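Everything numeric here is computed off the predicted structure, so don't read it as measured data.
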Number of protein chains: 2
Amino acid sequence: MTETGIGTGRSTPATLHDVAREAGVSLATASRSLNGSTRKVNDEYRQRVLAAAARLDYSPNLSAQAVARGTTTTVALLVADIADPYFSSIAAGVVAEADQERLIVTMAATERDPERELELVRTLRGQRPRVMILAGSRPTSDPTEGALGEELAAYERSGGRVVLISRNEFDFRTVIVENTAGADALARELVGIGYRRFAVITGGEGLRTAADRVDGFRAGLAAAGGTLDDEHVVRAAFTRDGGYDGMRQLIESGLDGIELVFAANDVMAVGALSAVRDAGLVPGTDVAVAGFDDIPTVRDVTPALTTVRVPLEELGRRALRLALGDESASSEGAVRTEVVLRASTPARIA
Amino acid sequence: MTETGIGTGRSTPATLHDVAREAGVSLATASRSLNGSTRKVNDEYRQRVLAAAARLDYSPNLSAQAVARGTTTTVALLVADIADPYFSSIAAGVVAEADQERLIVTMAATERDPERELELVRTLRGQRPRVMILAGSRPTSDPTEGALGEELAAYERSGGRVVLISRNEFDFRTVIVENTAGADALARELVGIGYRRFAVITGGEGLRTAADRVDGFRAGLAAAGGTLDDEHVVRAAFTRDGGYDGMRQLIESGLDGIELVFAANDVMAVGALSAVRDAGLVPGTDVAVAGFDDIPTVRDVTPALTTVRVPLEELGRRALRLALGDESASSEGAVRTEVVLRASTPARIA
DNA sequence: CTGTTAGCGCATTCAC
DNA sequence: GTGAATGCGCTAACAG
């Protein structure tokens, strides 16, 4: 078929120079035909160049373009854990939006390690990405926090745009999620359908997102008339297994009249559900469970999980739009959340 | 704090040139101190350069390095859907391994569209990635298949390495998963615990992975003595909703004595489980369900899902190692799978 | 060891 | 419109 005459052995990719020669035009003309702002080059030449490029299977070297132009088409995305549905949904949103803008996204995982996060930001900066999106909060008072802030600030000073998703440690553009208000609303609704005595499973010390959700939940309870004793707030890893462990702790200490356990996110809640079951109890009946996020799988667990819906993929899309200066994205305010009552919290006959 | 003296306004990132000047050495020396193969530069100078770099908050421009070196540190990863746990687990593996090798991974989603996949491969080639990993099979006889093959071949000719994960359309390095053998083993075990009449929910026409699994399942059944009528093989989208729909179809046509439904992957199986429940039946009791992959969530659904375990994250890691020429990765052969019997397929008293 | 110089692939000024 | 020349940030010979 279309052989380039280069033979079948190893070779180097065709360069713009090759294309120009093949088309019998200058480098500049080739460049303009292939990329330069439209309508500047004779259509005759243009066609010749296009044909030559196709014949040579030319693919523009993005790195070279970046160097010459002084700007890239890259978006860097930092998440805690790619396999976590919360983050993978966000990532899917970022990638989808980036694709529309013909941007390429590079992805890295911090594995919830603040030092690692800082390290990654430094590395990723080398790419000179147009945008840097960070999702997943870190402990509020981590020693490296200042350094991260400096690093991000420096990045912005050099023309980059950083966007945070649901974290409020710094003063950068942020896709704000109604964590507090959402949890508050959830608490009220739960009290409304008859629950009174609550427990909470939350993330590690100082995790902002978790803290906000717990605070909101507490506020809602206070307003509506539910009770949450301090000894019924257990800390655990912000993961499925953390949720499992947290629930097991609660159960081992006798449950103590607790009617409903609120886990600060869905993956934890799902783990909690399994812990209930493994303890020989019936989730929803013996103890109700609620989560936060509405990740895809919560529809398929049994009982289906009551949660606060967060449009995860939209978070990712919004983050990128915000970075790109889309006015509508910034004027939309916080991302709305919505309480979704399901079978894991059946109405209680008070 | 450490101000660079550049002021607070917008500025351009410090260049190696700046660092050299600041340190009072030549460009070459600066380059060598910061990157060049170790032990070549006077430690005195080296320190000066390092200090200057820190002071200027220097970050090497990866694009420029790529152009100068003629090689990048990029890995391109192509998956069907980032939010799908199957792919996000694989991605997590690729990213983890890449990180160890100090490689950066760029990610894109084909959304199961062959044309889109081809388009993405073309775009990604512009990055001159060292490696290109494609996961998620496409229909066996898609019109663009030839073009994709050509494109990938051209990429390899120019020095790149392509690795396929669990797809066997082409003749590139591949991380082979025991799809057929795994399903075969599953079928035998299922017959072994008393099941006889089966149904299957599989993916769209010609999806290789799905086809292999179904073939294997059929073979196992044939060998062990189970029955699978052709009208009990239903096709659906290779997604959670596809699984749901497939199961609903089966139920609507009366189930017809079917004791167990095998879904070609776990996300479908999970959807199927929900369909059973929504139809007012009890999964595991009224009809058993089994899947394939062992994605994280199947432990948390009820009943827990019987499946064939595939080390998803390891798939991703292996793919990268294979691309990088790791001998052990290529000599390990196909990735082993393992049948995991759980509550969704309780033993039947024959 | 260190500095000078010539590219790497491409965009873009500047003359023609 | 088109081409020649310059430069982007960096590496890698090449001489000292």
*Under the 3.5 Å rule, do the base of C/dG9 and the side chain of A/R69 count as making a donor-acceptor pair?*
no

_From C-beta outward on A/A28, which listed nucleotide comes closest to its side chain: C/dT12, C/dC8, D/dC8?_
C/dT12

*Would you mind telling me which of C/dC8, D/dG1, C/dA11 lies closest to the side-chain atoms of A/L16?*
C/dA11

*Rounded to the Å, how far apart are A/R128 CZ and D/dC8 P?*
14 Å

*What nucleotide, of D/dT11, D/dG3, D/dG7, holds the atom closest to the side chain of A/T29?*
D/dG3

*If you take atom types as modelled and just measure distance, does the side chain of A/R32 reach the base of D/dG3 with a donor-acceptor pair under 3.5 Å?*
yes

*Atom NE2 of A/H17 and atom P of C/dG7: how far apart are they, to the nearest Å?*
13 Å

*Taking atom P of C/dT13 as reference, at what distance in whole Å does atom NZ of A/K40 sit?*
9 Å

*Between P of C/dT2 and CZ of B/R21, the distance in whole Å*: 20 Å

*If you check the A/T15 side chain, which of D/dT11, D/dG1, C/dC10 turns out closest?*
C/dC10

*For the side chain of A/A64, counting heavy atoms from C-beta on, which of C/dA11, C/dC10, C/dC8 is nearest?*
C/dC10

*What integer distance in Å separates A/L27:CG from C/dG9:C1'?*
9 Å

*Using only side-chain N and O atoms of B/N61, determine if any of them is under 4.0 Å from OP1 or OP2 of D/dC8.*
no

_Per A/A68 side chain, nearest of listed nucleotides D/dC10, D/dG9, C/dA11_ = C/dA11

*Rounding to a whole Å, what distance do you find between A/L34:CG and C/dT12:P?*
13 Å

